[in-house]
Amino acid sequence: MEHLELFFKSIFIDNMVFATFLGMCSYLAVSKKVATAVGLGAAVIFVLAVTVPLNWLLDQYILQPGALKWLGAEYAEYDLSFLSFIMFIATIATMVQLVEIIVEKFSPSLYNSLGIFLPLIAVNCAILGGSLFMQSREIPTLGLSLTYGVGSGIGWFLAILAISAIREKIRYSNVPPALRGLGITFIITGLMAIGFMSFGGMLTGGDEEKKEEKPTIEAKVEKEVLKKEEAKVIVAENTNINE
Amino acid sequence: MGLLSKKDAALLTDPLADNNPITIQVLGICSALAITAELKASIVMAVSVMFVLGLGNVVISLMRNIIPSKIRIIVQLIVVATLVIIVDLVLKAFAYELSKTLSVFVGLIITNCIIMGRFEAFALGNKPWRSFLDGIGNAVGYGVILIVVGFFRELLGSGTLLGFKVLGDPIEKTGLYSIGYENNGFMLLSPMALIVVGIIIWIQRSRNTSLIEEN
């Protein structure tokens, strides 16, 4: 059941575009027509589904502190996590190159309509962000990382589908000239993000009805304050150790 | 500015308004929105990007004649990733609390479109000094937007600036709070950053009508 929970969580609650703003550049640039948006969204889902599990394997068996135990006991002390950025981006760049070759072979029309944006998926923050969040949230198994990758991709796909459909319709509306195009897209995305925040109460379960009374805004603000205080405690502890 | 020729000075001033990386070139949006709830985080992010973009531009420019065209994206990614690892480790060492707030977004500087965009558009075809200026100019343009958004979000959201309570104390009801003013907690949440940037774009395009998009 945790697969289903993680799946829904990554599509709606931790939506890549609306909760953490990953992949905004291509989101804004490709969302003028629904057809190209669908193509790019599908490519993103595929790349995420492939790279997040691959990077999970990398993290588990090479990068994490103590991950190199399988090579031999003397390697158990090594912590290669500082290499995460380079290794993740290397796997992503390779995978995207593969996807590009496959798309060119099987669907030349999609390849032509996506143009420069297909290789640009490699530097799409959504892809690297997916892997980095997988690492920082410490997703425990390979299956869950696949669920997380596919779910995040579907969330991104939903977002770009929605905004491209809205942008097509809004061409017939009276938007103030200075807001046309980029400005109104930002504001609409902001409103959609506020709407998606309503999913925050989705997974707290039906039995805890009393708890759900607390509005999510206060809860989120409190969480951020708590995070800062936790970090302060860690700083204080470390400075004491050095004395 | 007496040291710089007119063309060079333009490299530094254009990205501030007319060719701003965020509002005009539409690059680097991701990190601009997610971490601007605090002014301090915005300033640190702006300085990090300045470091990475300035140095990265110089390195790529120095190597521009020996990078084979087929692998140039990979070379660029490696240069950026190395610089970002340095920034991340420095932040973790000297400002641990801040690195927790910035979390994965320091790593995401690697995919910050401004950096790759400037490498491709400028550093690969220009000399090191000019590339350095271009990098700094764009990073400052990016930083200005970040700081403006961070300023308003922190001021209206928690009534503080860089941690100093500038509007009075909300608990003891001094300053502005004594007449019933309440912090707009909503400003601290991410969607408001999108709306603030939308408003900045609105203001910028109203003042400079040549930037308005045709339908």
Side-chain angles (χ1 to χ4, degrees), chain A residues 18-29 82-86 88-90 93 119-120 122-129 132-133 135-136 171 176-194 196-197 217-218 220-221 224 227-228 230-232 234-235 238, chain B residues 23-24 26-34 37 73-74 77-78 80-82 84-85 88-89 96-101 103-105 107-108 110-113 115-116 157-158 185-186 188-207 209 211-215:
Chain A
F18 295 130
T20 48
F21 305 125
L22 300 175
M24 287 295 290
C25 308
S26 29
Y27 169 88
L28 290 169
F82 66 95
L83 282 179
S84 317
F85 295 154
I86 287 196
F88 285 175
I89 204 82
L120 273 186
V123 291
N124 188 334
C125 356
I127 313 288
L128 184 59
L132 288 179
F133 275 119
Q135 192 190 37
S136 79
R171 278 208 275 275
L179 260 187
R180 257 185 235 145
L182 194 62
I184 198 67
T185 309
F186 266 97
I187 297 186
I188 295 176
T189 312
L191 294 172
M192 284 205 279
I194 296 175
F196 264 69
M197 279 171 60
I217 296 174
E218 282 178 22
K220 277 201 166 189
V221 173
E224 309 212 339
K227 239 190 344 187
K228 280 207 295 212
E230 257 178 45
K232 280 204 184 108
I234 296 180
V235 172
N238 285 333
Chain B
T23 55
I24 308 293
V26 196
L27 301 170
I29 313 277
C30 320
S31 44
L33 302 171
I73 302 263
I74 298 186
L77 279 173
I78 295 182
V80 181
T82 319
V84 169
I85 292 181
D88 187 38
L89 290 175
Y96 188 72
E97 289 171 37
L98 212 48
S99 79
K100 276 286 157 200
T101 324
S103 65
V104 299
F105 288 97
L108 287 177
I110 300 179
T111 49
N112 188 327
C113 335
I115 303 192
M116 298 286 286
S158 39
F186 214 30
L188 289 176
L189 297 173
S190 19
M192 287 316 289
L194 280 163
I195 297 184
V196 173
V197 177
I199 295 178
I200 294 178
I201 294 177
W202 195 358
I203 297 175
Q204 189 178 27
R205 291 191 182 187
S206 305
R207 296 182 64 214
T209 47
L211 298 167
I212 293 180
E213 290 176 36
E214 299 307 314
N215 235 347

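Just so we're on the same page: letters track the sequence lines, and every chain starts at 1.
Across every non-hydrogen atom of B:S158 and B:L188, the tightest pair is OG-CD2, 4.1 Å.
Summarising the geometry, atom OG1 belonging to A:T189 is positioned 11.0 Å from atom CD1 belonging to A:I194; distances are rounded to the nearest 0.5 Å.
Heavy atoms of A:S136 lying under 4.5 Å from chain B belong exclusively to its side chain. With a 4.5 angstrom heavy-atom cutoff, A:L128 touches chain B via backbone and side-chain atoms both.
Using bins of under 30°, 30° to 60° and over 60° for the plane-to-plane angle, the ring pair A:Y27/A:F18 lands in the perpendicular bin.
With respect to chain A, the highest number of heavy-atom pairs below 4.5 Å among B:I195, B:I85, B:V80 belongs to B:I85.
Here the side chains of B:T82 and A:F85 are not in contact, with every heavy-atom distance at 4.5 Å or above.
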